[in-house]
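Structure record follows, encoded as structure tokens.
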Protein chains: 2
Amino acid sequence: MNSNSRIKETINLLIIDDHKMVREGLKIMMASLKNSVHFNVQEAESGKEALTKINRFNFDVAIVDYQMPGMSGVETIQRILRLKPHLKILALSNYDELSYIESMMDAGANGFVLKNIEPGEMLKALRTILSNKIYYCNDVSIKIIEAAENKNTQKVQLEKILSTRETEVLRMIAMEMTNDEIAQKLFLSKRTIDTHRQNLINKLNVKNTAGLVKAAYKFNLIEQ
Amino acid sequence: MNSNSRIKETINLLIIDDHKMVREGLKIMMASLKNSVHFNVQEAESGKEALTKINRFNFDVAIVDYQMPGMSGVETIQRILRLKPHLKILALSNYDELSYIESMMDAGANGFVLKNIEPGEMLKALRTILSNKIYYCNDVSIKIIEAAENKNTQKVQLEKILSTRETEVLRMIAMEMTNDEIAQKLFLSKRTIDTHRQNLINKLNVKNTAGLVKAAYKFNLIEQ
DNA sequence: AAAAATCTACGTCTTTATACTTAATAAATA
DNA sequence: TATTTATTAAGTATAAAGACGTAGATTTTT
């Protein structure tokens, strides 16, 4: 049914947004694409109404707004997917807030676009998620990449916590070296490395080697 | 000088591409944006010519093609930045190959766009990188996100290597627990955990606890 | 110049981890 | 059914790590 409708380029779509203006805008957008695809559009102004319609009709995609009174976008997605696990979901939002993106995608959305989206991109987004891929509009994907990169930029703080030598020793511990091996490599006494290791455990507030290695990851002393 | 020209919305641009057609296309694109920005455009058909022009004139941005005979796009970027470390660089390519993206960005590019870019997005890209941010066109950023997600999908292999119990113990080791603590939590003998730990070291081909924790990361048993 | 931090190192003791072997029982697989 | 794998457990050692404290020499900061 789903695949048939896609071959005929018919998309059964449910728009879920509490603002009538947004729903109307989206319907006009879909109508403007009628040369490429035929849309069967229905709308719901709340998560509750959406669930009723989803029980009654067969949709290919649901466009779900993030901000809704009552049942939130996140909860709406979760409950939709409990009813129809294979229904594709495109999250819609005014803002490219990372927390919005993460919560909607974690809830099970297949894509996330902003409301300033153009018709051509909307079509691309819908086709992408219908072919089992993820779609983000550009501002959103740049936000995600930035966030991923920032995660790896907290190593600056490392230098405030650990001394150069301690950092060096920590890196070698994470390379599976024993204190003896580290001492030999650095031409130092094994007891010196003992001390460094102890200080590392205290400074980083961990319990043992496992904690040290996790800290080494956090501070990006280990690649990958 | 750079900032002045930006306030006046004048962008001094160098286009580096071996194909005359591409250079002409870009110049037409810049001309079409003359209502928004005034461009001073120069062009170079090789990395060598680019370096000469960069030595002679002051540019704000260089658009650098990936595929060029002789000096490659990557090498061109590296040598440009050795001369002018603060010059912004927009990488240009026909394909959104991850290896292309990575090599150009590693070389020092501030953004990466495909040749099918529209004038409006080109302006956005240039303004973004001129304000010290990174810009990727959408296909490119989706590629990057996909690659990052695939990195975290190799955990399937874990189940082929380790048993359920071993996986459980490994996770607890990575949580900084000792064998004694693990044993108590699982209502098992400490000697059983000793054995599991030894088997983990052998199966995962690591040397000690540090290696086990790294393996736990590789298999995504640890969040972050 | 004085104070603080870093790097070095040792003593002593306890706890944990690592190495290698054996082995019973249950469960899964061939 | 026979064989392999998983899970459990112990014996016996040695190696390594972890927890205290102390302390001189050097470097950095105030």
Side-chain angles (χ1 to χ4, degrees), chain A residues 154-222 224, chain B residues 154-222 224:
Chain A
Q154 58 192 164
K155 68 179 154 187
V156 201
Q157 299 173 309
L158 170 86
E159 280 102 51
K160 288 175 196 156
I161 300 169
L162 302 184
S163 70
T164 314
R165 197 53 124 182
E166 285 166 342
T167 307
E168 195 175 14
V169 171
L170 179 56
R171 187 182 288 112
M172 293 170 98
I173 290 172
M175 288 166 66
E176 304 180 48
M177 292 171 76
T178 66
N179 289 352
D180 236 332
E181 292 168 337
I182 295 171
Q184 281 179 14
K185 194 137 217 166
L186 298 178
F187 302 105
L188 293 173
S189 160
K190 184 241 175 195
R191 304 310 313 282
T192 303
I193 312 301
D194 283 346
T195 306
H196 285 314
R197 195 172 195 130
Q198 193 63 48
N199 290 336
L200 282 165
I201 286 177
N202 293 332
K203 281 192 177 181
L204 295 169
N205 204 26
V206 297
K207 283 176 65 183
N208 51 31
T209 303
L212 290 177
V213 176
K214 293 207 289 183
Y217 267 97
K218 213 182 341 189
F219 289 128
N220 262 66
L221 296 179
I222 302 177
Q224 192 244 144
Chain B
Q154 57 191 164
K155 69 178 152 187
V156 201
Q157 301 173 308
L158 169 85
E159 282 104 51
K160 289 175 196 157
I161 301 169
L162 302 185
S163 69
T164 315
R165 196 55 123 182
E166 284 166 344
T167 307
E168 194 175 14
V169 171
L170 178 56
R171 187 183 287 111
M172 293 170 99
I173 290 172
M175 288 165 68
E176 302 180 48
M177 293 170 77
T178 67
N179 289 352
D180 236 331
E181 293 167 338
I182 295 171
Q184 281 179 15
K185 196 136 217 166
L186 297 180
F187 303 105
L188 294 172
S189 160
K190 183 240 175 196
R191 302 309 314 282
T192 303
I193 313 300
D194 283 347
T195 305
H196 285 313
R197 195 172 195 129
Q198 193 63 47
N199 290 336
L200 282 166
I201 287 177
N202 293 333
K203 281 191 176 181
L204 295 169
N205 202 26
V206 298
K207 281 176 67 182
N208 50 31
T209 302
L212 290 178
V213 176
K214 291 207 289 182
Y217 267 97
K218 218 187 327 193
F219 290 127
N220 262 66
L221 296 179
I222 302 177
Q224 190 248 143

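A quick note: this is a predicted structure, and the numbers were derived from the prediction, not measured. By convention in this document, chain letters (A, B, ...) are assigned in the order of the sequence lines, proteins followed by strands, and residues within each chain are numbered from 1.
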Tell me, please, which residues at least two apart from [X] pass salt bridge (charged side-chain N to carboxylate O under 4.0 Å, His left out).
{"X": "A:Arg171", "value": "none"}
{"X": "A:Glu176", "value": "none"}
{"X": "B:Arg197", "value": "none"}

Letter per nucleotide, 5' to 3', of nucleotides 4-18 of chain D [B base touched, S only sugar-phosphate touched, - untouched; heavy atoms, 4.0 Å]: --SSBBBBB----SS
Flag if over 12 foreign heavy atoms under 6.0 Å of CG, A:Asn202: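 For A:Asn202, atom CG is crowded (more than 12 foreign heavy atoms under 6.0 Å).
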Nearest non-hydrogen partners of B:Val213 and B:Ala174, listed with the distance: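 The pair with the smallest heavy-atom distance is CG2-CA, 4.2 Å.
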Whole-Å gap separating P (C:dC7) and CG (A:Asn202):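 Between P of C:dC7 and CG of A:Asn202: 16 Å.
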Nucleotide C:dT18, atom P - distance to CG of B:Leu200 in whole Å: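 In whole Å, C:dT18 P and B:Leu200 CG are 10 Å from each other.
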Value rounded to 0.5 Å, distance of CG in A:Leu212 from CD1 in A:Ile201: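 With rounding to 0.5 Å, CG (A:Leu212) is 5.0 Å from CD1 (A:Ile201).
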Pairwise distance CG(A:Asn179) to CE(A:Met172) - rounded to 0.5 angstrom: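 One finds 10.5 Å between CG of A:Asn179 and CE of A:Met172.
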Axis-to-axis angle between the two ends of the helix from C:dA1-D:dT30 to C:dA30-D:dT1 (five base pairs per end, rounded to 10 degrees):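 End-to-end axis angle for the helix from C:dA1-D:dT30 to C:dA30-D:dT1: 70°, rounded to 10°.
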Can you give the donor-acceptor pairs under 3.5 Å from side chains of residues 180-188 of chain B to other protein atoms, not counting sequence neighbours?
{"from": "B:Glu181", "atom 1": "OE1", "to": "A:Lys207", "atom 2": "NZ", "distance (Å)": "3.4"}
{"from": "B:Glu181", "atom 1": "OE1", "to": "B:Thr178", "atom 2": "N", "distance (Å)": "2.9"}
{"from": "B:Glu181", "atom 1": "OE2", "to": "A:Lys207", "atom 2": "NZ", "distance (Å)": "3.2"}

